[in-house]
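Inspection log for the structure reproduced underneath, given as structure tokens.
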Number of protein chains: 2
Amino acid sequence: MKASKPEPKQSAAQRIEQALVLEIGAGALEPGQRLDEVGLATRFGASRTPVREALSRLTAQGVLVQGERRGVFVARYSREELSQIFEAMHEIEAACARIASQRLNLLARSEIEAAQANCIAAATAGDREGYLLANEAFHLAIYRATGNPYMADMALEFRRRTGPFRAKKFVTKADLIASANSHQNLINDIFSEDSATASNGMRTHMTQSFVDALKAN
Amino acid sequence: MKASKPEPKQSAAQRIEQALVLEIGAGALEPGQRLDEVGLATRFGASRTPVREALSRLTAQGVLVQGERRGVFVARYSREELSQIFEAMHEIEAACARIASQRLNLLARSEIEAAQANCIAAATAGDREGYLLANEAFHLAIYRATGNPYMADMALEFRRRTGPFRAKKFVTKADLIASANSHQNLINDIFSEDSATASNGMRTHMTQSFVDALKAN
DNA sequence: CGCCACTATTTTGTATACAAAACAAAAAGT
DNA sequence: ACTTTTTGTTTTGTATACAAAATAGTGGCG
């Protein structure tokens, strides 16, 4: 997974990869659904080659999975697997929060706050799509506050993997607002600049997120 | 190395990917070195297509990097980047050790001990190649002791990324023996089944590993 | 001798073609 | 009617061909 660079010219493969990540993240593609190479090729107005490349990379990232029977599928996880994935994500997010709390600077603070403002705006507007993006940006801001792009990439990768499952818990406007409120507590914990507080705050947030996701899946 | 499944038939792309991972992990390919598609293709007796797929997946995993100027390169990291990568790895490994210490069972214990026995054997024999493999197996055994394959995959991914840099510190027989001894302390800490002891033990091991790697790079 | 334009060669990305394998379906035999 | 064999279709993996971009040369001209 790469840090989003301003690439003026994008290869078709990258374009397709990005589009698929977005669709999967938003839950537009159901877990377990098969991705047809030729179908995608015609849909994106390309040939199978770049499609194949995109799929290959996404499987390498764990977003897709290949060979359950045949073909490439949106990763579908059992309750147990989901639990394991969330455990791993839990650890990473907690570590990110801890490190971020130790390295907070004015810029990071303002980025996190700005992202949270967008979350609140989208939540009160009931804009589901917008909230999903704002939510991702919010967590990304925390990741970046670690000052460690590798931690950030790893965390983002898990966020993408679990995207389809977390997306299901965001349906009503109340869901969005609840999530945004949870963010606020998290911000307070991280801004306390105390390692344990930040870490535990994130663990609480993640546990809640996990419980909700399990209910919806 | 992936969970070794009995794959009777392996696609050329997978074969190439595995071979490259091995070579890079052993340090046979220098960081920063360019990988020529056609060169690899002829070398593996295949066409560019499967080579391309392998390279694409390896870049997605961060083992390779593309577009510094042009082409695909073995990832080369600055001191600062290396430091960040090791910090991330540090966190993951510590989390693995902690979780493993809480879930230790007889099977996991024996696997770890068996792997360590191989490490000692390779070290006393001065078998560098063998030690690299045994060492990887040893850490893999710890990862697997977490009972969480996703944690294990993530840890393994970082291990691969840092492979070329860690490999440089294993030159003399004394290096191997020192590493094996360090393993022994780590085992004691993990087998204590105390979270903090296990976690700190791994942090110590990783810090040592990091210091050595920095010296060599 | 140095600089710029222009050409040639390499290299990447994509499209298409083809072979082999997997799956589905129909036909034959018991 | 049920199994097994055979045939046909879809799908995957790989090879090759081609176009566009990038780098490296080459030569002219100051």
Side-chain angles (χ1 to χ4, degrees), chain A residues 1-2 4-24 29-76, chain B residues 2 5-24 29-76:
Chain A
M1 168 173 342
K2 30 181 42 176
S4 41
K5 284 188 283 186
E7 284 162 308
K9 247 178 228 169
Q10 206 172 207
S11 73
Q14 288 175 307
R15 198 164 41 84
I16 295 170
E17 181 183 349
Q18 235 174 290
L20 287 180
V21 164
L22 238 60
E23 290 185 19
I24 295 170
L29 295 175
E30 284 286 307
Q33 184 172 336
R34 177 166 167 278
L35 294 182
D36 180 31
E37 289 183 1
V38 299
L40 291 173
T42 56
R43 209 187 107 200
F44 286 103
S47 82
R48 268 179 60 218
T49 310
V51 171
R52 208 139 206 290
E53 194 167 323
L55 295 182
S56 183
R57 294 173 68 138
L58 289 175
T59 57
Q61 293 177 234
V63 175
L64 301 179
V65 115
Q66 86 182 322
E68 290 187 7
R69 314 171 105 251
R70 201 150 77 111
V72 180
F73 302 82
V74 179
R76 168 160 59 189
Chain B
K2 13 182 49 179
K5 283 190 284 185
E7 283 163 310
K9 250 175 226 170
Q10 205 175 208
S11 74
Q14 288 175 306
R15 199 165 41 83
I16 296 170
E17 181 182 349
Q18 232 173 293
L20 287 179
V21 163
L22 237 61
E23 291 186 17
I24 295 171
L29 295 175
E30 283 287 307
Q33 183 171 335
R34 177 167 168 274
L35 295 182
D36 180 30
E37 290 184 3
V38 299
L40 292 173
T42 56
R43 208 187 107 199
F44 285 103
S47 81
R48 269 180 59 219
T49 310
V51 171
R52 210 137 204 292
E53 195 167 323
L55 295 182
S56 184
R57 296 175 68 143
L58 289 175
T59 57
Q61 291 176 237
V63 176
L64 301 180
V65 117
Q66 85 181 324
E68 290 186 5
R69 315 172 105 246
R70 201 150 78 110
V72 180
F73 302 81
V74 180
R76 169 162 56 189

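- Partners of A:Ser47 by side chain to side chain contact (heavy atoms under 4.5 Å, CB included), not counting sequence neighbours, listed by chain and number: A:Thr49, A:Pro50.
- Against DNA chain C, the stretch residues 42-51 of chain B makes heavy-atom approaches under 4.0 Å through B:Arg48.
- Following rounding to the nearest Å, B:Leu35 (CG) and C:dT12 (C1') show an atom-to-atom distance of 15 Å.
- With contacts defined as side-chain heavy-atom distances shorter than 4.5 Å, the pair B:Val63/B:Leu20 does not qualify.
- One interatomic measurement links the two molecules: CD of A:Gln14 to P of C:dG13, which rounds to 8 Å at whole-angstrom precision.
- Using a 4.5 Å heavy-atom threshold, the side chains of B:Val65 and B:Arg76 count as separate.
- As rounded to whole Å, 13 Å separates atom P of D:dG13 from atom CD of B:Gln10.
- Contacts of B:Arg15 classified as side chain to side chain donor-acceptor pair (under 3.5 Å), with partners at least two apart in sequence or in another chain: none.
- Note: CD (A:Glu17) to C1' (C:dG13) measures 15 Å, nearest angstrom.
- In this structure, B:Glu37 atom CD and C:dT10 atom C1' are separated by 12 Å, rounded to whole Å.
- Residue B:Leu55 contributes atom CG, which lies 10 Å from atom P of C:dG13 at whole-angstrom precision.
- Which of D:dT14, C:dT14, D:dT12 sits closest to the side chain of A:Arg34 comes down to D:dT12.
- Atoms CG and CZ, on B:Asp36 and B:Arg48 in that order, are 9.5 Å from each other to the nearest 0.5 Å.
- With rounding to whole Å, A:Ile16 atom CD1 is found 12 Å from C:dG13 atom C1'.
- For B:Arg52, the side chain to side chain donor-acceptor pair (under 3.5 Å) partners are A:Glu53, B:Glu37, not counting sequence neighbours.
- With rounding to whole Å, B:Glu53 atom CD is found 12 Å from D:dT12 atom P.
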Between A:Val74 and A:Glu30, is a side chain to side chain contact (heavy atoms under 4.5 Å, CB included) present by the stated rule, with each step listed? CA-CA 7 Å; A:Val74 179; A:Glu30 284 286 307; over 6 Å; no
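- With sequence neighbours excluded, the residues that form a side chain to side chain contact (heavy atoms under 4.5 Å, CB included) with B:Val72 are B:Leu55, B:Thr59, B:Leu64, B:Gln66.
- The side chain of B:Arg52 places no N or O atom within less than 4.0 Å of a non-bridging phosphate oxygen (OP1 or OP2) of D:dG13.
- Residues passing the side chain to side chain donor-acceptor pair (under 3.5 Å) test with A:Arg43 are A:Glu23, sequence neighbours excluded.
- Five base pairs at each end of the helix from C:dC1-D:dG30 to C:dT30-D:dA1 define two local axes, and these are offset by 10° (rounded to 10°).
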